J.: 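Just passing along the structure, written as structure tokens.
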Amino acid sequence: VLLPAWIAKGKFGDALVFVAAMLIFIIPWTIRNLVVLQDRILVATGTGSVFVLGSDDDQVHSPGKKEPFFEEAAAEGARNGIFKPNPEYESAVDKWLLRLGLMRYRQRLEDRPLSFLKLLVLKSLRLWYANDSVTLRTQLALALCSLPVVPLGLWRVWRWRKTNQVFFLVIGGVLVYFIGMHLVLLPMVRYVMPIYPLLILASSHWLCDALSLSFSRESRLGRSTPSLAEGAAIG
């Protein structure tokens, strides 16, 4: 997220240092995967499975629905010439699942293109309350906890574009990255949990401004409005 901003500002040295630091962090894990698993995995796998799950309107990530859903998707893929790889290296399975997800999206586009609007709305909402158990009680509790944080936080970050462009670009870029990625993949609150501290910071900033404005108005009213004793004396 930050790399294009550095390049746009001409800070190529900072961009180079950032890339080098990330490579130093990632390359040992990549070598470990190649030696231990004998598989070319840059960091991790698992994107394919959540991509397939995110292609469905129903909450198929619940325990009782996940396995039948994958079996149905695999059978549909085989009918369309998308077969499970053999040998089943994790990277190859991940790519196979990605292809299954793309197949399902293509079918949706051909058969019911307007359903993408409903899917986008459902995913946008589920980001802030959905969980693995899919029980009403826990999801309702998460939704109520998110309600005073998420809308105010997003609004404050948007307002920062006029008052604090650095905060807007950095925090806004991170928020867009996480939200966009999990709208494409699987919308669950635990996946966007890393951005909640940023949203809490932004919503708290909005609340502090609102309270400060309220107190300043009361202070001005207190100075301009005479007290009861002063009013009686004037009378």
Side-chain angles (χ1 to χ4, degrees), residues 26 29-143 146 150 175-196:
I26 290 172
W29 188 248
T30 305
I31 295 173
R32 175 264 177 197
N33 291 333
L34 188 61
V35 173
V36 176
L37 303 179
Q38 298 180 354
D39 199 355
R40 295 179 180 178
I41 301 173
L42 181 62
V43 179
T45 58
T47 305
S49 60
V50 291
F51 184 64
V52 178
L53 290 171
S55 68
D56 198 90
D57 294 356
D58 197 8
Q59 299 185 40
V60 293
H61 52 280
S62 58
K65 296 181 179 180
K66 186 181 292 186
E67 187 173 346
F69 173 80
F70 276 121
E71 292 175 355
E72 180 185 343
E76 181 68 21
R79 289 193 292 269
N80 286 272
I82 304 174
F83 299 100
K84 191 172 184 179
N86 187 22
E88 297 183 7
Y89 287 111
E90 288 296 326
S91 59
V93 171
D94 206 43
K95 292 176 182 177
W96 169 65
L97 291 170
L98 279 170
R99 292 182 65 194
L100 291 181
L102 289 172
M103 174 199 71
R104 292 179 60 83
Y105 276 118
R106 281 196 300 267
Q107 291 175 343
R108 177 189 288 268
L109 184 61
E110 293 172 359
D111 300 337
R112 44 197 178 107
L114 293 179
S115 68
F116 275 98
L117 181 60
K118 175 190 173 185
L119 184 63
L120 179 61
V121 172
L122 286 174
K123 283 191 170 189
S124 300
L125 293 175
R126 286 177 183 169
L127 276 172
W128 315 110
Y129 71 83
N131 58 31
D132 289 295
S133 65
V134 201
T135 57
L136 178 61
R137 182 177 179 181
T138 54
Q139 293 192 137
L140 181 60
L142 287 171
S146 297
V150 175
L175 295 182
V176 168
Y177 170 74
F178 269 87
I179 293 172
M181 180 171 61
H182 293 296
L183 284 179
V184 173
L185 300 175
L186 184 63
M188 292 185 68
V189 70
R190 66 185 173 94
Y191 292 145
V192 294
M193 196 61 70
I195 64 175
Y196 264 82

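Nothing here was measured: the structure is a model prediction, and the numbers come from that model. Just so you know, residue 1 is the first one in the sequence shown, and it goes up from there.
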J.: Closest heavy-atom contact between R104 and D56?
T.: NH2-OD1, 3.0 Å
J.: Got a second to check how far F69's CZ is from E72's CD, nearest 0.5 Å?
T.: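 With rounding to 0.5 Å, CZ (F69) is 7.5 Å from CD (E72).
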J.: Starting at CZ of R126, measure out to NE2 of H182 and round the result to the nearest 0.5 Å.
T.: 15.5 Å
J.: Which pair of heavy atoms, one from L127 and one from V192, lies closest together, and at what distance?
T.: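 So the minimum-distance heavy-atom pair works out to O-CG2, 3.3 Å.
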J.: When you measure from the side chain of S49 to the backbone of G46, do you find a donor-acceptor pair of N or O atoms at a distance under 3.5 Å?
T.: yes
J.: Around atom CD of Q107, are there more than 12 heavy atoms from other residues, nucleotides or ligands closer than 6.0 Å?
T.: yes
J.: Could you grab the distance from atom CZ of F83 to atom CZ of R99, nearest 0.5 Å is fine?
T.: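 Reported to 0.5 Å precision, the distance equals 9.5 Å.
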J.: Are R32 and W29 in a cation-pi setup, meaning NZ or CZ lies under 6.0 angstrom from the ring centre and within 45 degrees of the ring axis?
T.: yes
J.: Please report the C-alpha distance between L34 and R40 in whole Å, then the side-chain angles of each, then the deciding distance to 0.1 Å, and finally whether the side-chain contact (heavy atoms from CB on, under 4.5 Å) criterion is met.
T.: CA-CA 6 Å; L34 188 61; R40 295 179 180 178; 4.1 Å; yes
J.: Quick one: pull up CZ in F116 and CG in L109 and give me the separation to the nearest 0.5 Å.
T.: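 Between F116 CZ and L109 CG, I get 5.0 Å after rounding to 0.5 Å.
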J.: Does K123 reach the main-chain N or O of G54 with its side chain, forming a donor-acceptor pair under 3.5 Å?
T.: yes
J.: Side chains of V50 and Y191: does their closest heavy-atom pair fall under 4.5 Å?
T.: yes
J.: How far apart are the C-alpha atoms of N131 and L142, what are their side-chain angles, what is the distance that settles it, and do they pass the side-chain contact (heavy atoms from CB on, under 4.5 Å) test?
T.: CA-CA 9 Å; N131 58 31; L142 287 171; 3.7 Å; yes
J.: Determine whether R190 and D132 satisfy the following criterion, side-chain contact (heavy atoms from CB on, under 4.5 Å), listing intermediate values before the conclusion.
T.: CA-CA 9 Å; R190 66 185 173 94; D132 289 295; 2.9 Å; yes
J.: Please step through side-chain contact (heavy atoms from CB on, under 4.5 Å) for the pair E90 and I41, ending with a clear verdict.
T.: CA-CA 8 Å; E90 288 296 326; I41 301 173; 4.1 Å; yes
J.: Which of these passes side-chain contact (heavy atoms from CB on, under 4.5 Å) with L97: V52, L102, L53?
T.: V52
J.: Can you confirm whether the side chains of S55 and R108 place a donor and an acceptor under 3.5 Å from each other?
T.: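 Their side chains do not contain a donor-acceptor pair, so the 3.5 Å distance test is not met.
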J.: Between T30 and L42, which heavy-atom pair has the shortest distance, and what is it?
T.: OG1-O, 2.5 Å
J.: Side-chain contact, heavy-atom cut-off 4.5 Å: Y177 with I195?
T.: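 SC-SC contact between Y177 and I195 ruled out.
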J.: Can you tell me how far CG of L122 sits from CG of L183, rounded to the nearest 0.5 angstrom?
T.: 11.5 Å
J.: Could you tell me if the ring centre of F51 sits under 6.0 Å from that of Y105?
T.: yes
J.: What's the shortest heavy-atom distance between N80 and M103, and which atoms?
T.: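 The answer is ND2-SD, 3.8 Å.
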J.: As an exercise, state the distance from OG1 of T47 to CG of L186, rounded to the nearest 0.5 Å.
T.: 11.5 Å
J.: Provide the closest heavy-atom pair for Y196 versus V150 in the form atom of the first, atom of the second, distance.
T.: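 Looks like OH-CG2, 3.8 Å.
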J.: Specify the closest pair of heavy atoms between D39 and S91, including all atoms of both residues, with the distance to one decimal.
T.: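 So the two residues come closest at OD1-OG, 2.5 Å.
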